[in-house]
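A quick write-up on the structure given underneath.
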Amino acid sequence: GHRPRADPAPSMTQQRRQSKEHTAACGLGVHGAEGAWRLVRPQIGEVLAAVDSLYDDRLKPLGRILLKRIRERRAAAAGGAGREVDVDATPLIDPKALRHICETCGLLEVQHEEGKEYAALRVGRAPDFVDVGSPIDRYPAEMWEQLTKYLESAPAEDLALPGGRYACAQVLASRGLPFLKGRVLGEICHIVQVASSPQRRLLGYAQRNMVPFNRSVDCVREQCAVSQLPVCPPTKASADMHVATWEEARGCLREILSSTAAYGQPGAMALSNVKRVFRSRFGILLSETALGHNRVSDLLQDHRFSDICRLEQQGSVQVVIQHAPQPLERGTLSLEAWKLAWHVHRLLMLSDSERHKALRTLSGHREGDGHARTLLERREGDESQLPGAGGNKSRCSSVSTAGNSDDHSEESSEAAWSEAARRSPGYRTSGGPSAPR
């Protein structure tokens with residue numbers, strides 16, 4: 001008999017769609033069959049409340065900050081009063097659903113920021129945000145002195161702060177430090193930013209955490225750069241590699257950029273890939289600290305690389321761009337270079353019976369003989385091969401007629417050529433004869 005076919009298994013796209021529909025219907029983040037968290041759709045009321053709380057903290061309600069704030073408020077509501085809040089155990093908020101709510105809500109105005117970022121502003125409420133990325137220091141010297149003493153005297157376990165500026169400011173605000181009393185979260189975020197700047201150098205980064213600067217990676221880099229030592233010891237993969245010297249670094253970088261050059265365009269490479277290519281292509285470790293610099297960007301801007309490359313900021317990526325060779329300037333050809341060009345031009349215009357005599361004439365000029373023999377093998381009459389004489393064809397025609405005649409001697413031909421070369425705009429009259437570029 002006929003056996004009915006079983007229904008095919010749902011595709012991955014259908015499974016994701018069913019999962020999103022189930023999550024939206026429940027309104028909660030739950031563990032699925034695979035144990036992964038499902039994104040939850042926020043309610044319009046909690047979005048407005050989160051935006052208002054960021055206004056109170058003088059923080060601009062950017063999309064990424066708004067996602068964190070909604071999740072924090074959900075964790076605080078689920079934990080209740082007097083209980084420790086575990087934000088990591090709280091379901092993630094759906095970023096697409098959040099942006100859709102912000103764009104469709106009449107009480108919010110979406111302002112586009114750099115890249116894909118946006119800000120959800122309250123309609124009718126004046127913004128009074130702190131510019132947390134500003135390098136301007138507006139805080140009293142007493143506050144910085146107290147912060148310095150705290151970082152020097154606090155226990156080591158209290159000094160491994162979160163790596164993000166927002167999370168680090170939250171931890172410092174929760175400790176009730178007297179020198180931060182009365183300051184909102186936006187101001188504390190700015191204090192963290194200034195404390196980690198090159199001007200203050202109170203905070204740095206180590207293993208994705210923010211720590212006092214004397215324990216940070218930047219401090220270790222500075223010490224290694226002074227001693228001209230690599231930052232990290234070699235791993236198993238790089239145990240047989242040696243650290244590049246200045247000569248090796250220059251030669252390898254020149255070859256790397258030359259290999260990436262396209263027709264009419266200089267070579268280019270992302271700055272983040274330079275050290276990797278040194279290892280994979282040449283088996284050499286490029287250590288910026290071993291060459292006396294803290295960062296790779298500072299190394300490639302050293303004057304010893306000025307003739308090889310330059311750095312450019314393209315969007316959010318730093319790019320190493322090859323220096324194009326300088327074009328030949330007008331007026332730099334010497335009399336000897338013009339003589340060589342003239343001999344080649346003569347050979348291209350002579351007939352077969354006259355070439356043997358012309359080659360005997362050039363037998364005493366070793367360099368000219370080599371160039372002439374090379375060009376004689378090419379197509380006869382191809383004047384495009386004439387180096388430096390393309391724009392002077394009419395000017396040299398009279399000399400060519402004199403040179404092709406058997407009645408003129410070698411001396412008269414050379415004299416006529418010298419006079420024609422001196423009249424040429426490309427002949428350099430000062431500084432004496434020199435080799436062409």
Minimum side-chain heavy-atom gap [X]-[Y] below 4.5 Å:
X	Y	answer
R165	V132	yes
E145	M143	no
L54	K60	no
Q193	S134	no
N273	F278	no
H112	E117	no
L285	R279	yes
V40	L92	no

Flag the pair [X] and [Y] as a salt bridge only when some basic side-chain nitrogen lies within less than 4.0 angstrom of an acidic carboxylate oxygen.
X	Y	result
R304	D302	yes
R310	E312	yes
E103	R99	yes
R74	E46	yes
R122	E109	no
D218	R295	yes
R58	D128	yes
D56	R125	yes

Using atom types as modelled and distance alone, determine if a side-chain donor or acceptor of [X] lies under 3.5 Å from a backbone N or O of [Y].
X	Y	result
T260	A268	yes
S197	V194	yes
S53	A50	yes
S287	V243	no

Test side chain to side chain contact (heavy atoms under 4.5 Å, CB included) on E288 and N294 and set out the steps. CA-CA 6 Å; E288 62 276 15; N294 298 343; over 6 Å; no

L107/I44 under side chain to side chain contact (heavy atoms under 4.5 Å, CB included): CA gap, chis, key distance, verdict: CA-CA 10 Å; L107 300 177; I44 187 171; over 6 Å; no

For [X] and [Y], test the side chains for any donor-to-acceptor distance below 3.5 angstrom and give the result as yes or no.
X	Y	value
H242	E248	yes
Y118	R64	no
R69	Y166	yes
S196	R201	no

Hey, what's the ring geometry for F305 with W246, parallel, tilted or perpendicular (30° and 60° as the breaks)?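 Plane angle between 30° and 60°, so tilted.
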
What class does the angle between the rings of Y139 and H190 fall in, given that below 30° is parallel, 30 to 60° is tilted and above 60° is perpendicular?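 Aromatic pair Y139/H190 classed tilted.
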
Least distance between heavy atoms, [X] atom then [Y] atom:
X	Y	value
C224	P230	SG-O, 3.8 Å
I308	L257	O-CD1, 4.0 Å
V171	S174	O-OG, 2.7 Å
P140	R183	CD-NH2, 3.9 Å
M210	G163	CE-O, 3.8 Å
C102	L108	O-CB, 3.8 Å

Rounded distance (nearest 0.5 Å) linking atom [atom1] of [X] with atom [atom2] of [Y]:
X	Y	atom1	atom2	answer
L161	C168	CG	SG	4.5 Å
C309	L300	SG	CG	5.0 Å
D94	L98	CG	CG	8.5 Å
E152	L159	CD	CG	10.5 Å
E222	S227	CD	OG	12.0 Å
L286	L299	CG	CG	6.0 Å

Under the side chain to side chain donor-acceptor pair (under 3.5 Å) rule, what do S216 and R221 come out as? Steps first, then yes or no, please. CA-CA 9 Å; S216 66; R221 286 181 177 274; over 6 Å; no

Please determine whether side chain to side chain donor-acceptor pair (under 3.5 Å) holds for the pair R175 and Y150, giving the CA-CA distance in whole Å, both sets of side-chain angles, and the decisive distance to 0.1 Å. CA-CA 12 Å; R175 293 181 179 178; Y150 171 75; 2.7 Å; yes

Residue pair C189, V130: steps toward the side chain to side chain contact (heavy atoms under 4.5 Å, CB included) verdict: CA-CA 9 Å; C189 286; V130 177; over 6 Å; no

When you look at W144 and F179, which way does the side chain to side chain contact (heavy atoms under 4.5 Å, CB included) test go after all the steps? CA-CA 9 Å; W144 293 116; F179 54 88; over 6 Å; no

Might you confirm whether atom CD of Q313 has over 12 heavy atoms from other residues, nucleotides or ligands at distances under 6.0 Å?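 Atom CD in Q313 is packed in, count exceeds 12.
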
